[in-house]
Amino acid sequence: MGERGEEYSKSPNTNNKDRVVICIGDIHGYFTKLQKLWSNLQTLIDPPSFQSALIIFLGDYCDRGPNTRRVIDFLISLPSLYPNQTHVFLCGNHDFAFAAFVGALPRAPDGSPFSETWKEYEANEEREGWFKGLGFERMHVQGRRWGGEIKIKFNVKKGTPYKGSIYDAGSTFESYGVPHGSADLAKAVPEEHKKFLADLVWVHEEENVCIDTSKGRCVCKLIAVHAGLDKSKGVEEQLKLLKARDTSLPKVEALSGRKNVWEIPKELSEEPTIVVSGHHGELCIEGLRLIIDNGGGLEHRPIAAVVLPSIKIILDTDTYVITGQN
């Protein structure tokens, strides 16, 4: 983990200085890992702080792992099980595509049909094997990519076979009891799951979040977004688009980008801002830039959470021994 960009001033004490904020990285259908991580968080954090914590899930709840359905059931249950916590569920690029396939994606603000999103990537249709089944005519390009059948069967970059599509969506279909690429998935996914997908936010802003640095405890604004903010574009312009959830775009860089969204845009250095995301298959802490995706959707790697203010990283594989008192 690196350290850089700590040219911000130490803030005075506030009533929020001990508030716990937990950011949980990409889950990708690994329900058992999520259970273990949640248990570790409960063990590590004192009960009053855990019960009142702000918990931000950084997106990508589906695909790759075997239990997308159980993961979403668990996430939906949290507000009733932990009524004093605040839960934020960000939309990841995989969740966006899943929602597109089952008809849970919000309509484009300008009223344009989702078929308009195909044009920019039509050259990839054959190679990626886009979905052509029932209802494809009305589907966003990412839904067609998600439910399709990729011709190349091995992902050289990850060193793993593709699970059905470019998104590795086969395991998500199977978790709902239907074969990959079946249009019946839209019927198999419960309405409460579709609502969960439809309600996912693309960005979350939080004021007065504390973080411990080499210069002491600082109070900052926090922006959480699945991949990050594009350093080549104005921040306010991006935030406006993300809040509007503009599905007329064929690809949302803040949910899907790579190198262009890794760093914090320079204009945010004027007002010290924590930018936290998942998506990148990395666990990286560089000053106020937090990337929490240790698992990357790979079976052999644990999923992670970061706890603020301490910046403590918790993994599902961690073991804690609690000594009781007689």
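What you are looking at is a predicted structure, and each value in this text was computed from that prediction instead of being measured. Just the heavy atoms: all of them, side chains too, but no hydrogens, waters or symmetry mates, feed the values below.
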Task: Ring centers of F136, F131 separated by less than 6.0 Å - done: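 Centroid distance F136-F131: not below 6.0 Å, so no.
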TODO: Please confirm whether F196 and Y61 have ring centers closer than 6.0 angstrom.
DONE: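 Yes, they do, as the ring centres are separated by less than 6.0 Å.
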A quick test of your reading: do over 12 heavy atoms of other residues, nucleotides or ligands sit less than 6.0 Å from [atom1] of [X]?
X    : atom1 : answer
K221 : NZ    : yes
E299 : CD    : no
E122 : CD    : yes

same_hphob_cluster([X], [Y]) at 4.5 Å side-chain heavy-atom cutoff:
X    : Y    : result
L308 : I56  : yes
L134 : V102 : no
I76  : L185 : yes
F173 : I27  : yes
V276 : V225 : yes

So, does [X] use its side chain to make a donor-acceptor pair with the main chain of [Y] at under 3.5 Å?
X    : Y    : answer
R245 : L200 : yes
N155 : K158 : yes
T273 : E271 : yes
D26  : H28  : no
R138 : G103 : no
N84  : S52  : no
T117 : V141 : yes
E149 : G181 : no
R69  : G177 : no
D316 : L37  : no

- [ ] Assess the side chains of W146 and D63: does a donor N or O sit below 3.5 Å from an acceptor N or O?
- [x] yes
TODO: May I ask you to check whether S310 and D212 show a side-chain donor-acceptor distance below 3.5 Å?
DONE: no
Mind checking whether [X] and [Y] have side chains closer than 4.5 Å, heavy atoms only?
X    : Y    : value
R144 : E125 : yes
K153 : P161 : no
L229 : L242 : yes
I150 : S165 : no
D95  : F89  : no
R289 : W262 : no
E263 : E286 : no
I166 : N124 : no

Where [X] and [Y] come nearest, the two heavy atoms and their spacing:
X    : Y    : result
A198 : P106 : O-CG, 4.1 Å
C220 : P272 : CB-O, 3.5 Å
A188 : V178 : CB-CG1, 4.0 Å
G257 : A227 : O-CB, 3.8 Å
W202 : C91  : CD1-CB, 3.7 Å
D246 : P109 : OD1-CD, 3.4 Å

Open item on the list: Assess the residue pair V275 and L288 against the criterion (side-chain contact (heavy atoms from CB on, under 4.5 Å)); give the C-alpha distance rounded to whole Å, side-chain angles, the decisive distance to 0.1 Å, and a yes or no.
Closed with: CA-CA 6 Å; V275 178; L288 298 180; over 6 Å; no
Task: Residues which pass side-chain hydrogen bond (donor to acceptor under 3.5 Å, both in side chains) with W130, listed by chain and number, not counting sequence neighbours - done: E128
Task: side-chain hydrogen bond (donor to acceptor under 3.5 Å, both in side chains) partners for Y167, two or more places apart - done: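 Y167: side-chain hydrogen bond (donor to acceptor under 3.5 Å, both in side chains) contacts with Q142.
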Separation between [atom1] of [X] and [atom2] of [Y], rounded to the nearest 0.5 Å:
X    : Y    : atom1 : atom2 : value
T32  : R70  : OG1   : CZ    : 6.5 Å
D293 : I24  : CG    : CD1   : 13.0 Å
I72  : N67  : CD1   : CG    : 11.5 Å
H140 : T247 : NE2   : OG1   : 6.0 Å
I314 : I303 : CD1   : CD1   : 12.5 Å
K36  : D318 : NZ    : CG    : 12.0 Å

- [ ] Could you check whether the rings of Y82 and F50 sit parallel, tilted or perpendicular, using 30° and 60° as the cut-offs?
- [x] perpendicular
Open item on the list: Taking side-chain hydrogen bond (donor to acceptor under 3.5 Å, both in side chains) as the criterion, tell me which of H279, H280, H94 meets it with H226.
Closed with: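 When H279, H280, H94 are each tested with H226, the side-chain hydrogen bond (donor to acceptor under 3.5 Å, both in side chains) holds only for H279.
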- [ ] Using a strict cut-off of less than 4.0 Å between a Lys/Arg side-chain nitrogen and an Asp/Glu carboxylate oxygen, indicate whether E191 and K194 qualify as a salt bridge.
- [x] yes
Task: side-chain contact (heavy atoms from CB on, under 4.5 Å) between L239 and V203, intermediate numbers included - done: CA-CA 7 Å; L239 293 177; V203 66; 3.9 Å; yes
TODO: Assess R145 against F101: is NZ or CZ under 6.0 Å from the centre of the six-membered ring, and within 45 degrees of the ring's axis?
DONE: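 Negative - R145 is either too far from the ring of F101 or too far off its axis.
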- [ ] Please lay out, stage by stage, how V21 and E206 fare under the test side-chain contact (heavy atoms from CB on, under 4.5 Å).
- [x] CA-CA 10 Å; V21 178; E206 190 76 22; 5.8 Å; no
Open item on the list: Can you pull out every side chain to side chain donor-acceptor pair (under 3.5 Å) where at least one residue sits in residues 174-183? Sequence neighbours excluded, please.
Closed with: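 Pairs touching residues 174-183 that pass the test: Y176-H193.
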TODO: Take L75 and L78, measure what side-chain contact (heavy atoms from CB on, under 4.5 Å) needs, and give me the verdict at the end.
DONE: CA-CA 5 Å; L75 299 178; L78 289 178; 4.2 Å; yes
